[in-house]
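Before any comments, here is the structure.
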Amino acid sequence: MALAAGRAMLMRSGVRLGTQAAARGGNGARRFMNHRVVVEPNTVPGVAVIKFKNPPVNSLTLEFLTEFVICLEKLENDKTFRGVVLTSDCPGIFSAGLDLREMCGKNPAHYAEYWRAVQEMWLKVYLSNLVLVAAINGTSPAGGCLIALSCDYRVLADNPRYRMGLNETLLGLVVPFWFKDTLVNTIGHRASERALQLGLLFPPAEALQLGMVDQVVPEDQVQSTALSVMTQWLAIPDHVRQLTKNMIRKATADHLIKHQEADIQNFINFISRDSIQKSLQVYLENLKQKKH
Ligand SMILES: CC/C=C\CCC/C=C/C(=O)SCCNC(=O)CCNC(=O)[C@H](O)C(C)(C)COP(=O)(O)OP(=O)(O)OC[C@H]1O[C@@H](n2cnc3c(N)ncnc32)[C@H](O)[C@@H]1OP(=O)(O)O
């Protein structure tokens with residue numbers, strides 16, 4: 001379903017699906033290249049590494065979301081893969097979250113298409129049959145943090161410049177209930193209440209203390225740590241681990257699935273408000289200004 005919608009979207013946007021290139025890397029592993037998402041089968045058998053490559057900041061554009069979902073779906077359907085490490089190819093940034101330009105100055109049909117793609121991405125990651133480990137090698141606000149929180153395990157680089165959290169209120173936005181649920185399921189109710197209202201972005205030590213990440217390691221060890229953690233997870237037979245994961249996550253995912261259309265309508269109504277459009281424009285302008 002998501003794959004078909006994604007293919008249609010890519011066709012509309014002029015991206016040819018036949019352009020996915022396969023090449024052999026130095027270790028002989030096949031390396032699949034999309035435009036914005038690079039998939040590298042790794043030295044650990046059954047494990048692929050997905051690298052986000054949507055410069056400058058890996059913002060979650062419609063095209064990026066579509067490619068990402070297609071990549072995950074392909075890996076899920078290829079029984080040689082049992083686990084995936086998610087990481088970034090953009091130095092210092094895991095993902096800047098939802099692309100603000102997708103939510104600014106567009107029409108309701110675009111907002112609907114975009115929000116559905118955000119929902120589908122979250123459902124795909126949150127309910128994945130694969131073991132997903134986030135190797136967080138950069139800053140990850142809002143939607144970027146959501147992707148990491150939706151994985152099974154998080155390893156964060158020990159760099160105080162890398163912040164993580166759901167900062168939506170700082171942009172004048174109300175966090176969607178399923179972003180909130182994902183955070184509450186990870187760090188608990190009280191910590192989420194404070195973090196969400198204040199839009200807090202946490203440095204590594206605090207993220208670890210809160211349980212937002214499972215491990216903080218030196219920057220050059222993020223990916224290798226993620227891969228060795230993966231070995232531990234893959235020691236469990238897939239079917240029992242998958243059934244257990246599904247049992248724990250199903251209610252949270254079902255809440256969105258049941259209210260998916262209402263959630264899209266709510267997003268359109270909210271994001272189309274003049275006051276919200278104004279605050280997003282000011283936020284984008286401030287990002288530009290800080291450079292000068
Ligand atoms: C009912 C529900 C309604 C709504 C729910 C919506 C939920 C929203 C979820 C989100 O994810 S909103 C996005 C939240 N993200 C952020 O707040 C991050 C903003 N960006 C930054 O803080 C910084 O850019 C940075 C990620 C820390 C990187 O800093 P750096 O100094 O390295 O780069 P710079 O700021 O110069 O940015 C480069 C370039 O990229 C543009 N940019 C940055 N972030 C985004 C983004 N999220 N979307 C689109 N574009 C982004 C930035 O404007 C610069 O562009 P320019 O070169 O043209 O000026």
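Start at 1 and go down the list; that is how both ligands and their atoms are numbered.
Looking at ligand 1, you'll find an N or O of Lys288 within less than 3.5 Å of one of its N or O atoms. In terms of polar-atom proximity, defined here as any N/O pair under 3.5 Å, Tyr283 does make such a contact with ligand 1. By the 3.5 Å distance cut-off applied to N or O atoms, Leu173 is not counted among the residues near ligand 1. Some N or O of Gly143 is nearer than 3.5 Å to an N or O of ligand 1, by distance alone. Between Lys290 and ligand 1, a contact under 3.5 Å exists for at least one N or O pair. At under 3.5 Å, a nitrogen or oxygen of Leu100, whether backbone or side chain, sits near a nitrogen or oxygen of ligand 1. Inclusion of Pro176 in the set of residues having an N or O under 3.5 Å from an N or O of ligand 1 is not warranted. For Thr139, no nitrogen or oxygen atom sits less than 3.5 Å from a nitrogen or oxygen atom of ligand 1, counting backbone and side chain alike. Considering backbone and side-chain atoms alike, Asn167 places an N or O below 3.5 Å from some N or O of ligand 1.
Against a heavy-atom cut-off of under 4.0 Å, Asn266 is close to the following atoms of ligand 1: 1 (C). Residue Phe267 has at least one heavy-atom neighbour below 4.0 Å for each of these atoms of ligand 1: 3 (C), 4 (C). Close contacts between ligand 1 and Gly97 involve ligand atoms 11 (O) [criterion: under 4.0 Å to a heavy atom].
Atom 9 (C) of ligand 1 has its nearest heavy-atom neighbour, among Arg163, Glu168, Glu102, in Glu168. The closest non-hydrogen atom to atom 15 (N) of ligand 1, taken over Ala142, Cys145, Ala96, comes from Ala96. Here atom 53 (O) of ligand 1 lies nearest to Arg101 when heavy atoms of Arg101, Arg161, Glu285, Gln265 are compared. Here atom 5 (C) of ligand 1 lies nearest to Val174 when heavy atoms of Leu98, Asn286, Val174 are compared.
Between the Glu67 side chain and the His35 main chain, a donor and an acceptor come within less than 3.5 Å of each other. Panel note: side chain Glu102, backbone Leu62; a donor-acceptor pair is recorded below 3.5 Å.
A donor atom on one side chain and an acceptor atom on the other are not found under 3.5 Å apart for Asn246 and Gln242. There is no side-chain donor-acceptor pair under 3.5 Å between Tyr126 and Asp181. Checking Glu76 against Asn129 by side-chain atom types alone, no donor-acceptor pair falls below 3.5 Å.
Put simply, the residue from Ser95, Ser88, Ser140 that forms a side-chain hydrogen bond (donor to acceptor under 3.5 Å, both in side chains) with Asn58 is Ser88.
In this structure, SG in Cys145 is found 8.5 Å from CG in Leu201, a value given to the nearest 0.5 Å.
Within the 4.0 Å heavy-atom criterion, the part of Leu171 lying near ligand 1 is the side chain and not the backbone. Contacts between Ile93 and ligand 1 below 4.0 angstrom, taking non-hydrogen atoms only, involve the side chain exclusively. Contact annotation: for Asp99 versus ligand 1, heavy atoms closer than 4.0 Å belong to both the backbone and the side chain.
Ring geometry for His255 versus Phe177: interplanar angle of 30 to 60°, hence tilted. Taking the six-membered ring for Trp and thresholds of 30 and 60 degrees, Trp178 and Trp122 have ring planes inclined between 30 and 60 degrees apart.
Looking at residues two or more places apart in sequence or on another chain, you find no side chain to side chain donor-acceptor pair (under 3.5 Å) involving Asn266.
Grouping Ile, Leu, Val, Met, Phe, Trp and Tyr by side-chain contacts under 4.5 Å, direct or through others, puts Val240 with Ile236.
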Query raised in the report: Please walk me through it: do Thr139 and Val57 pass side-chain contact (heavy atoms from CB on, under 4.5 Å)?
Result: CA-CA 9 Å; Thr139 232; Val57 292; over 6 Å; no

